[in-house]
Amino acid sequence: MKITAIYPGTFDPITLGHVDIITRASMIFTKVFFAIADVQKDTLLSVEERFELAKSILFPLTNVQVCSFDKLVTASAVDLGANVIIRSIRSADDFDYESQMAGMNRRLCASVETVFLKPAEHLSFISSTLVKEIASLGGDVSEFVDQNVVVKLKSKFSQ
Ligand code: COA
């Protein structure tokens with residue numbers, strides 16, 4: 001059975017935690033859209049920058065397609081022919097929020113199911129916000145993000 005999934009997020013920036021999740025998803029589903037949300041205004045990186053970074057990092061995953069979306073995630077899933085939304089649960093703290101969002105998405109579109117994946121333990125503490133904070137203060141984030149992201153953050157914070 002062929003199942004297409006969508007992994008939506010802000011990805012500002014994409015971290016090794018996100019890469020871990022999309023890699024796991026690519027091994028389970030026939031095709032996975034790595035869908036970058038263009039719905040929040042206050043991001044450090046533009047949607048084009050987030051898109052280019054994701055493409056440069058995820059190209060080895062041949063059944064993964066990077067895209068962006070500016071509407072409801074359920075509507076985007078339907079447009080893309082995806083019937084699974086992938087979300088990541090790093091810890092119990094993530095669960096309440098993710099469970100609420102999954103419930104709401106189910107009410108919006110009953111034909112799209114949310115599936116939770118857990119990242120590797122050593123990546124479970126990474127967040128994009130902490131990565132940006134460390135990088136903005138000159139810290140080394142190379143353990144948490146791809147080298148292309150390291151370079152991009154350096155250029156952003158040296159402006
Ligand atoms: N590794 C690293 N970080 C992870 C992670 C993982 N495996 N899983 C989650 N995170 C982090 C993210 O980096 C982010 O960190 P930050 O807050 O420090 O930036 C945080 O968890 C939240 O993840 P994110 O992917 O940004 O999701 P979100 O909670 O901001 O949700 C959308 C964004 C786009 C999925 C959601 O708002 C959405 O679907 N919007 C479209 C409009 C819509 O349909 N709304 C109705 C929803 S019911």
Participant: Would you say Asn63's side chain and Ser26's backbone share a donor-acceptor pair under 3.5 angstrom?
Facilitator: yes
Participant: Side chains of Cys67 and Leu80: closer than 4.5 Å at any heavy-atom pair?
Facilitator: yes
Participant: Of all residues at least two apart in sequence or in a different chain, which pass the side-chain contact (heavy atoms from CB on, under 4.5 Å) check with Ser136?
Facilitator: Phe157
Participant: Report the residues that fulfil salt bridge (charged side-chain N to carboxylate O under 4.0 Å, His left out) with Glu143, sequence neighbours left out, ordered by chain and then residue number.
Facilitator: none
Participant: Minimum heavy-atom separation for Lys31 to Phe33, with atom names?
Facilitator: CE-CZ, 3.6 Å
Participant: So do His18 and Pro119 actually touch side chain to side chain, heavy atoms under 4.5 Å?
Facilitator: no
Participant: Show the nearest heavy-atom pair for residues Gly9 and Arg87, with the distance to one decimal.
Facilitator: CA-NH1, 4.2 Å
Participant: For the CZ atom of Arg24 and the CE atom of Met27, what is their distance to the nearest 0.5 Å?
Facilitator: 6.5 Å
Participant: Quick check: does any side chain N or O of Thr43 sit under 3.5 Å from a backbone N or O of Ser46, one acting as donor and the other as acceptor?
Facilitator: no
Participant: Which residues pass the ring-ring contact (aromatic ring centres under 6.0 Å, His included) test with Tyr7, not counting sequence neighbours?
Facilitator: Phe11, Phe34
Participant: Less than 4.5 Å apart, any side-chain heavy atom of Ile22 and any of Val32?
Facilitator: yes
Participant: Determine whether Leu117 and Ser88 satisfy the following criterion, side-chain contact (heavy atoms from CB on, under 4.5 Å), listing intermediate values before the conclusion.
Facilitator: CA-CA 5 Å; Leu117 295 180; Ser88 158; 5.8 Å; no
Participant: For Val112 and Ala82, which heavy atoms make the closest approach, and how far apart are they?
Facilitator: CG2-O, 4.0 Å
Participant: So which of Val19, Ile36, Asp146 actually passes side-chain contact (heavy atoms from CB on, under 4.5 Å) with Ile14?
Facilitator: Val19
Participant: In the structure I gave you, are the side-chain heavy atoms of Leu153 and Val141 within less than 4.5 Å of one another anywhere?
Facilitator: yes
Participant: To the nearest 0.5 Å, tell me how far Asp94 CG sits from Ile89 CD1.
Facilitator: 6.0 Å
Participant: For Asn148, which residues count as a side-chain hydrogen bond (donor to acceptor under 3.5 Å, both in side chains) partner, sequence neighbours excluded?
Facilitator: Ser56
Participant: With rounding to the nearest 0.5 angstrom, report the CZ to CD1 distance, Phe116 to Ile85.
Facilitator: 10.0 Å
Participant: Answer yes or no: is there a side-chain heavy-atom contact under 4.5 Å between Ser99 and Asp96?
Facilitator: no
Participant: With a 6.0 Å cut-off (strictly less than), is the heavy-atom count around CE of Met101, excluding the residue itself, greater than 12?
Facilitator: yes
Participant: Considering non-hydrogen atoms only, spot the tightest contact between Lys156 and Leu44 and give its length.
Facilitator: NZ-O, 3.8 Å
Participant: Keeping Ser128 on the side-chain end and Pro13 on the backbone end, is there a donor-acceptor pair under 3.5 Å?
Facilitator: yes
Participant: Do Asn83 and Ser111 touch side chain to side chain, with heavy atoms closer than 4.5 Å?
Facilitator: no
Participant: If only atom types and distance count, is the side chain of Lys118 paired as donor or acceptor with the main-chain N or O of Ser91 below 3.5 Å?
Facilitator: no
Participant: Just so I know, are the side chains of Ile57 and Val149 near enough to count as touching, which here means a heavy-atom distance under 4.5 Å?
Facilitator: yes
Participant: State the CG-CZ distance between Leu130 and Phe125, to the nearest 0.5 angstrom.
Facilitator: 10.0 Å
Participant: For Lys55, enumerate each residue passing the salt bridge (charged side-chain N to carboxylate O under 4.0 Å, His left out) test, keeping only those at least two apart in sequence or located in another chain.
Facilitator: none
Participant: Is it the case that one hydrophobic cluster holds both Val84 and Ile28, taking links as side-chain heavy atoms less than 4.5 Å apart, direct or via other members?
Facilitator: yes
Participant: Write down the atom of Val66, the atom of Leu58, and the distance for their closest heavy-atom approach.
Facilitator: CG2-CD1, 4.2 Å
Participant: Should Phe69 and Ile21 be regarded as members of a common hydrophobic cluster, given that ILVMFWY residues are connected when their side-chain heavy atoms come within less than 4.5 Å of each other, either directly or indirectly?
Facilitator: no
Participant: In Å and rounded to the nearest 0.5 Å, what is the CZ to OG distance from Arg90 to Ser124?
Facilitator: 8.5 Å
Participant: Hey, does the side chain of Thr10 reach the backbone of Asp12 with a donor-acceptor pair shorter than 3.5 angstrom?
Facilitator: no
Participant: Return the minimal non-hydrogen interatomic distance between Val131 and Thr15, and the atom names on each side.
Facilitator: CG2-CG2, 4.3 Å
Participant: Taking the side chain as everything from C-beta on, heavy atoms only, tell me whether Asp20 gets closer than 4.5 Å to Leu16.
Facilitator: no
Participant: For the backbone of Ala37 and the side chain of Arg50, can you confirm whether one donor and one acceptor N or O come within less than 3.5 Å of each other?
Facilitator: yes
Participant: Taking salt bridge (charged side-chain N to carboxylate O under 4.0 Å, His left out) as the test, write out the residues that go with Glu113, two or more places apart.
Facilitator: Arg106
Participant: So how far is it from Leu45 CG to Leu53 CG, rounded to the nearest 0.5 Å?
Facilitator: 6.5 Å
